[in-house]
Amino acid sequence: QVQLVESGGGLVQSGGSLRLSCVTSGAPLDDYLVLWFRQAPGRAREGVSCINAGNDSSTDSLEAVKGRFTVSRDNAKNTVYLQMNSLKSEDTAVYHCAALRSRRGLYCPLNPISYLYWGQGTQVTVSP
């Protein structure tokens, strides 16, 4: 079973940047797709950015964050990153990472329900 632990959240002003980290253990990271999703009060869980397994660098992102957020992975460090730039107050949420074991024909779903393993989350707060 894979475990995931997020870090890097905090309080930033609008327009600022944060880099979130998702450290995995218990299984090789390159066997898993990883999704960043977020949960804000009064709103449903929302997939943000995903990255494919292995050496496949393909990604997909929520339209609202394209051009601002970048997801990447370092399999040797068992870590997935989410670089968040030009943050807006609307980005305030608890950010989680989640893992899904790779299989043929599976490409980076943005629905958190598709992912079996979820981390506990890290709070991101963007002030005006």
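In this structure, SG in Cys22 is found 5.5 Å from CD in Glu6, a value given to the nearest 0.5 Å. Rounded to the nearest 0.5 angstrom, Arg68 CZ and Ser86 OG are separated by 7.0 Å. Atom CD of residue Gln120 and atom OG of residue Ser7 lie 9.0 Å apart, to the nearest 0.5 angstrom. Rounded to the nearest 0.5 Å, atoms OG (Ser21) and CG (Asp74) are 10.5 Å apart. Atom CG of Leu4 and atom CG of Leu29 lie 8.5 Å apart (nearest 0.5 Å). For the atom pair CG (Leu100) and CD1 (Ile113), the distance works out to 12.0 Å, reported to the nearest 0.5 Å.
Using a 4.5 Å cut-off on side-chain heavy atoms (C-beta onward), Ile51 and Val80 make contact. Side-chain atoms of Thr24 and Gln3, non-hydrogen and from C-beta on, never get closer than 4.5 Å to each other. Looking at Leu106 and Leu33, their side chains come closer than 4.5 Å, going by heavy atoms from C-beta outward. For the pair Leu20 and Tyr81, the minimum side-chain heavy-atom distance is 4.5 Å or more. Taking 4.5 Å as the limit, some side-chain heavy atom of Leu62 sits within range of a side-chain heavy atom of Arg38. Residues Cys97 and Val34 form a side-chain contact, since some pair of their non-hydrogen atoms from C-beta on lies under 4.5 Å apart. Side-chain atoms of Pro112 and Trp118, non-hydrogen and from C-beta on, do get closer than 4.5 Å to each other.
Between the side chains of Arg45 and Gln39, a donor-acceptor pair is found at a separation under 3.5 Å. Side-chain contact, Gln123 with Thr125: a donor N or O sits under 3.5 Å from an acceptor N or O. Side-chain atoms of Asn85 and Ser17 include a donor-acceptor pair closer than 3.5 Å.
Side-chain atoms of Tyr107 come within 3.5 Å of backbone N or O of Thr59 as a donor-acceptor pair. A donor-acceptor pair is defined here as one N or O able to donate and one able to accept, closer than 3.5 Å; no such pair exists between the side chain of Ser49 and the backbone of Val71.
Taken together through direct or relayed side-chain contacts under 4.5 Å among Ile, Leu, Val, Met, Phe, Trp and Tyr, Val94 and Leu82 form parts of separate hydrophobic clusters.
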* Evaluate side-chain contact (heavy atoms from CB on, under 4.5 Å) for Leu18 paired with Phe69, printing each intermediate quantity in order. => CA-CA 10 Å; Leu18 285 172; Phe69 293 7; over 6 Å; no
* What do the steps show when you test Arg101 against Leu116 for side-chain contact (heavy atoms from CB on, under 4.5 Å), and what is the final call? -> CA-CA 8 Å; Arg101 191 168 182 87; Leu116 180 60; over 6 Å; no
* Asked: Under the side-chain contact (heavy atoms from CB on, under 4.5 Å) criterion, do Leu11 and Ser127 qualify, and how do the steps go?
  -> CA-CA 7 Å; Leu11 174 64; Ser127 63; 4.2 Å; yes
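Closest approach of Ala99 and Val2 over heavy atoms only: CB-CG1, 4.1 Å. Here the closest heavy-atom approach between residue Ala53 and residue Ser102 is recorded as CB-CB, 3.6 Å. Leu35 and Val48 make their closest contact through CD1-N, 4.3 Å (heavy atoms, listed as atom of the first residue, atom of the second, distance).
Within a 6.0 Å sphere centred on NZ of Lys77, heavy atoms belonging to other residues, nucleotides or ligands number 12 at most.
Note on Arg73 versus Asp30: no salt bridge recorded, every NZ/NE/NH1/NH2 to OD/OE distance being 4.0 Å or above.
Partners of Tyr95 according to the ring-ring contact (aromatic ring centres under 6.0 Å, His included) rule, which considers only residues two or more places apart in sequence or in another chain, do not exist here.
Results of the ring pair (Phe, Tyr, Trp, His ring centres under 6.0 Å) test with His96 over Phe37, Tyr115, Trp36 single out Phe37 as the only residue that passes.
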